[in-house]
Number of protein chains: 2
Amino acid sequence: MFFCVKNIEYSQNSCTFVVQYQLTCCCIMTVEEILHAHDLKNTGCRKYILGELLKSEAAMSENELKESYPDLFDRVTLYRTLKTLEDRGIIHRIVLNDNTVKYALNRHHHEDDKLHSHFHCEKCDEVLCLDGVTHFDAELPKGFISKEVFVVVEGLCADCIKK
Amino acid sequence: MFFCVKNIEYSQNSCTFVVQYQLTCCCIMTVEEILHAHDLKNTGCRKYILGELLKSEAAMSENELKESYPDLFDRVTLYRTLKTLEDRGIIHRIVLNDNTVKYALNRHHHEDDKLHSHFHCEKCDEVLCLDGVTHFDAELPKGFISKEVFVVVEGLCADCIKK
DNA sequence: ATTCAATTGCAACAATGATGCAATAATGTT
DNA sequence: AACATTATTGCATCATTGTTGCAATTGAAT
């Protein structure tokens with residue numbers, strides 16, 4: 001199955017991230033279309049989570065997702081839906097150094113990405129995906145190979161410095 | 001309070017890590033002496049944890065620490081002891097991308113360290129502190145400042161590649 | 001040996017991850 | 001528009017981990 005966005009053809013398997021990037025950043029597609037593109041049913045919880053994440057620039061925790069409507073969905077439903085969205089490559093989970101977890105949309109082309117870096121404000125707890133240029137080099141012990149690198153930069157965001 | 005190791009004087013507050021580094025890597029001091037240097041009582045759980053971590057090159061999880069003697073200490077005691085040792089700067093906790101936690105000795109001079117990087121073997125689950133040269137550069141949004149950077153490199157260790 | 005503060009074990013609770021199962025909802029078909 | 005089928009949801013439930021209070025115990029200074 002192929003579909004076309006902005007005159008570029010993508011197979012659904014190999015390039016959904018690019019499509020989604022155009023979606024979320026250029027607002028060409030709706031939540032429903034994202035789900036359809038990934039062969040997922042248009043259910044309430046999925047629409048809600050994607051809607052919230054699309055509205056938010058920052059990554060969101062399970063609690064932050066529940067904030068607006070605490071009892072809209074069962075805890076397990078939220079948990080399973082987040083897992084499904086993660087498995088399908090629509091969102092990713094970010095594990096912070098304090099052991100908490102946040103979720104964010106995969107707004108970019110992640111397929112070949114091996115470096116996942118995020119910023120965590122120690123004051124307001126906001127988490128952002130670092131989309132700018134990021135370099136990482138580590139000297140590994142002999143014979144070791146690296147596959148993926150996860151980085152969390154802890155610091156203060158611009159808003160919190162002002163205050 | 002000052003004390004002397006290898007003809008170099010260190011104030012206890014500012015340089016305990018250096019002392020400890022000499023300790024653990026050069027085997028000048030015992031577990032008891034480490035505890036004494038940090039003004040901590042010589043208790044069973046502390047001696048056990050430090051002993052296990054000193055024996056092990058890799059970081060250890062709570063379960064790995066309990067493996068040899070499952071019922072030697074209460075779960076809460078282990079938890080609190082790990083916290084004490086972390087608070088005193090003797091060990092550090094490593095949060096992996098799968099949400100699990102491991103602990104390792106602060107074998108190096110960590111005071112000015114802002115980059116904490118670890119290797120996690122996806123096959124055998126072993127975690128090592130990356131002591132070699134490690135560089136990290138990230139372009140942060142305008143006005144943001146970074147304080148600490150936590151890195152986890154996921155991959156395969158030499159032993160697991162051979163197999 | 002005594003004393004005092006620190007440490008430990010136990011009970012208990014919260015938060016989170018995870019699974020089974022029956023009820024319900026979403027989509028393609030008639 | 002109703003139906004059938006499969007996926008999704010809510011509920012019950014359990015495991016694991018983080019956390020605190022309190023009374024009993026232990027470490028080490030005297």
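In what follows, chains are A, B, ... by sequence order, proteins preceding strands, each numbered from 1.
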Legend entry - Between A:His120 and A:Asp125: side-chain donor-acceptor atoms closer than 3.5 Å: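 Checked: A:His120/A:Asp125 side chains pair up, N/O donor to acceptor below 3.5 Å.
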Inset, instruction - Indicate whether the side chain of B:His92 and that of B:Glu86 have a donor and an acceptor atom separated by less than 3.5 Å. - result: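 No.
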[X] has an atom [atom1]; how far is it from atom [atom2] of [N], in whole Å?
X	N	atom1	atom2	answer
B:Lys47	D:dA28	NZ	C1'	12 Å
B:Asp87	D:dG18	CG	C1'	14 Å
A:Asp98	D:dT19	CG	C1'	15 Å

Legend entry - nucleotides 6-14 of chain D: protein proximity per nucleotide (B base, S sugar-phosphate only, - neither; heavy atom, under 4.0 Å): BSSBBBB--
Legend entry - Residues forming a side-chain hydrogen bond (donor to acceptor under 3.5 Å, both in side chains) with B:Glu126, sequence neighbours excluded: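 B:Glu126 satisfies side-chain hydrogen bond (donor to acceptor under 3.5 Å, both in side chains) with no other residue.
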Legend entry - Test log, rule side-chain hydrogen bond (donor to acceptor under 3.5 Å, both in side chains), inputs B:Asn63 and B:Ser61: CA-CA 5 Å; B:Asn63 286 335; B:Ser61 66; 5.2 Å; no
[atom1] of [X] to [atom2] of [Y]: how many Å apart, nearest 0.5 Å?
X	Y	atom1	atom2	result
B:Ile91	B:Lys83	CD1	NZ	12.0 Å
B:Tyr103	B:Ile49	OH	CD1	9.0 Å
B:Leu35	B:Arg88	CG	CZ	10.0 Å

Legend entry - Outermost DNA chain C nucleotides near chain B [under 4.0 Å, heavy atoms]: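 Both ends considered, the range comes out as C:dA5 to C:dG17.
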Legend entry - Over 12 foreign heavy atoms within 6.0 Å of CG, A:Asp87: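 Correct, the count exceeds 12.
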Inset, instruction - Using a cut-off of strictly less than 4.0 Å, decide whether B:Tyr79 has a side-chain nitrogen or oxygen near OP1 or OP2 of D:dT17. - result: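 Result: no.
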Inset, instruction - Scan A:Asn63 against the nucleic acid and name what it touches under 4.0 Å (heavy atoms): base, sugar-phosphate only, or nothing. - result: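 Touches sugar-phosphate only.
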